[in-house]
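The structure under discussion appears below in the form of C-alpha cells.
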Amino acid sequence: QVQLVESGGGLVQAGGSLRLSCAASGRTFSSYAMGWFRQAPGKEREFVAAITASGGSTYYADSVKGRFTISRDNAKNTVYLQMNSLKPEDTAVYYCAVKYLIGSYSSQSVYPYWGQGTQVTVSS
C-alpha cells in the first residue's frame with residue numbers, strides 16, 4: 001500500500017507560480033512512474049503530467065506544456081509539479097498518483113493509488 005500526501009496549493013494571481021509537492025510512503029517509490037491530474041469544478045478529472053521512475057522521461061498535457069514542469073527526488077520519496085504562468089483555467093484540485101499498471105501515462109486507470117488532492121485557485 002502506498003500513501004500520497006499533496007501540498008503546496010493555494011491562491012495565486014494569474015501569471016504567478018506555485019510548486020506542488022507529493023510525498024509518498026513506501027520503500028518502492030523509486031520503482032514507479034508518477035502522475036499529476038486535476039479536476040476543475042463541474043469537469044472530469046484530467047491528466048496534467050507524468051514522470052518515469054528514474055525521472056528520465058516526462059509527459060505533459062498540451063494545455064500545460066511549456067508552463068508546468070514535473071520532477072522527482074527519489075531520495076525524498078517526493079514528486080513535484082512546478083507551475084508557472086498560471087491561468088484562471090488552471091484552477092482545480094490537483095492530485096498525484098502512482099502508476100502501477102501498464103498503459104498510457106495519461107490514463108487514470110493505470111494509477112490505482114491517489115492522494116487526497118490540493119486546491120489551486122488562480123484569480124484573474
Side-chain angles (χ1 to χ4, degrees):
Q1 187 80 11
V2 175
Q3 290 188 323
L4 304 171
V5 179
E6 301 98 334
S7 61
L11 174 63
V12 63
Q13 288 188 332
S17 299
L18 282 175
R19 188 176 83 154
L20 306 183
S21 300
C22 173
S25 64
R27 295 174 293 175
T28 59
F29 171 80
S30 60
S31 298
Y32 297 97
M34 299 289 295
W36 283 97
F37 292 77
R38 67 186 181 186
Q39 186 168 21
K43 295 186 176 181
E44 294 187 352
R45 190 161 56 185
E46 64 177 4
F47 170 75
V48 175
I51 187 167
T52 55
S54 67
S57 294
T58 56
Y59 307 89
Y60 297 94
D62 288 343
S63 59
V64 306
K65 203 171 294 183
R67 299 188 298 122
F68 290 12
T69 302
I70 188 171
S71 61
R72 67 191 296 161
D73 185 338
N74 286 340
K76 296 183 178 180
N77 279 14
T78 301
V79 62
Y80 305 97
L81 186 68
Q82 177 67 43
M83 306 186 295
N84 299 329
S85 302
L86 283 161
K87 305 175 182 180
E89 51 263 43
D90 294 319
T91 295
V93 177
Y94 283 71
Y95 300 89
C96 68
V98 181
K99 184 180 185 293
Y100 264 49
L101 305 174
I102 295 173
S104 170
Y105 284 91
S106 62
S107 173
Q108 296 181 51
S109 64
V110 301
Y111 295 84
Y113 297 108
W114 295 77
Q116 82 290 347
T118 186
Q119 176 71 47
V120 171
T121 303
V122 184
S123 63
S124 57

task: Please report the closest heavy-atom contact between Met34 and Ile70, naming both atoms and the distance.
output: O-CD1, 4.1 Å
- prompt: Looking at Val93 and Gly117, what are the two nearest heavy atoms and their distance?
  reply: CG1-CA, 3.8 Å
- prompt: At what distance, to the nearest 0.5 angstrom, does CG of Asn77 lie from CD of Gln3?
  reply: 12.5 Å
Let me check something: any side-chain donor-acceptor pairs from residues 8-24 under 3.5 Å, sequence neighbours excluded? List them with distances.
residue : atom : partner : partner atom : Å
Ser17   : OG   : Asn84   : OD1          : 2.9

task: Look up atom CD in Gln119 and atom CD in Gln39, then write down how far apart they are to the nearest 0.5 Å.
output: 10.5 Å
task: With side-chain contact (heavy atoms from CB on, under 4.5 Å) as the test, would you mind laying out the steps for Trp114 and Arg45 before giving the verdict?
output: CA-CA 12 Å; Trp114 295 77; Arg45 190 161 56 185; 3.5 Å; yes
query: Which ring pair (Phe, Tyr, Trp, His ring centres under 6.0 Å) pairs, counting each pair once, include a residue from residues 41-100, with sequence neighbours left out?
result: Tyr32-Tyr100, Phe37-Phe47, Tyr59-Tyr105, Tyr100-Tyr113
message: How long is the straight-line distance from OG1 of Thr121 back to CG of Asp90, given to the nearest 0.5 Å?
response: 11.0 Å
- request: Assess whether atom NZ of Lys65 is packed by more than 12 heavy atoms of other residues, nucleotides or ligands within 6.0 Å.
  value: yes
field: Distance-minimising heavy-atom pair for Val79 and Ile51
entry: CG2-CG2, 4.1 Å
- request: Can you see which heavy atom on Leu86 is nearest to which on Arg67, and at what distance?
  value: CA-NH1, 3.9 Å
For Val2 against Val98, the heavy-atom pair lying closest together: CG1-CG2, 4.0 Å
field: Heavy-atom pair of closest approach, residues Asp73 and Phe29
entry: O-CE2, 4.2 Å
field: Test salt bridge (charged side-chain N to carboxylate O under 4.0 Å, His left out) applied to Arg38 and Glu6, Glu46, Glu44, the passing residue
entry: Glu46
- prompt: Can you tell me how far OG of Ser107 sits from CD1 of Ile102, rounded to the nearest 0.5 angstrom?
  reply: 13.0 Å
